[in-house]
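Computed from heavy atoms alone, side chains included, the values below leave out hydrogens, waters and symmetry copies.
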Amino acid sequence: MTSSTANRRVLPSSPFQPVAPEPVEQFAVNDLLTHDRHGVGRVIGLGTGNKVHVDFGGGVQTITLPNAKVTRL
């Protein structure tokens, strides 16, 4: 027997409500951000999908969003 969470009905009174996905934060060129490992950087380009190209001073890194290590300044 198999079960699928996509087809399950959730009652409004259930304590097990489905978790809504977090919205992906949108960045624009020249936005400042900080990364736990790389430090402070500036967005220099937007990639396909949820990718941003960030210049951290020591080099350019491509970061896929959402990323728990990234915070907008």
Side-chain angles (χ1 to χ4, degrees):
M1 182 171 165
T2 62
S3 65
S4 174
T5 58
N7 296 335
R8 286 190 178 169
R9 183 176 64 134
V10 179
L11 298 174
S13 61
S14 173
F16 303 105
Q17 296 296 325
V19 178
E22 292 185 24
V24 177
E25 189 171 6
Q26 299 295 319
F27 287 93
V29 176
N30 290 327
D31 281 351
L32 289 175
L33 57 83
T34 182
H35 189 278
D36 289 351
R37 175 180 281 168
H38 303 296
V40 177
R42 183 176 303 271
V43 176
I44 59 169
L46 305 174
T48 58
N50 296 329
K51 296 183 180 182
V52 292
H53 305 290
V54 183
D55 182 12
F56 289 104
V60 175
Q61 298 288 326
T62 301
I63 299 175
T64 303
L65 300 174
N67 190 325
K69 296 181 180 182
V70 174
T71 307
R72 180 190 303 265
L73 295 178

Here the salt bridge (charged side-chain N to carboxylate O under 4.0 Å, His left out) pairs for residues 44-60, sequence neighbours left out, are none
Partners passing side chain to side chain donor-acceptor pair (under 3.5 Å) against T62 (at least two apart in sequence or in another chain):
H53
Does one hydrophobic cluster hold both I44 and F27, with members joined at side-chain heavy-atom distances below 4.5 Å?
no
F56: what forms a ring-ring contact (aromatic ring centres under 6.0 Å, His included) with it, not counting sequence neighbours?
H38
Given a cutoff of under 4.5 Å between side-chain heavy atoms of I, L, V, M, F, W and Y, with clusters grown through shared members, what are the other residues clustered with L73?
L32, V40
Hey, could you give me each pair passing salt bridge (charged side-chain N to carboxylate O under 4.0 Å, His left out) that has a residue in residues 62-71? Not counting sequence neighbours.
none
Using the side-chain hydrogen bond (donor to acceptor under 3.5 Å, both in side chains) rule, collect all pairs that involve residues 23-34, keeping only residues at least two apart or in two chains.
E25-R72, D31-R72
For the residue pair V54 and L33, establish whether any side-chain heavy-atom pair is separated by less than 4.5 Å.
yes
Side chain to side chain contact (heavy atoms under 4.5 Å, CB included) filter on T48, not counting sequence neighbours, yields none
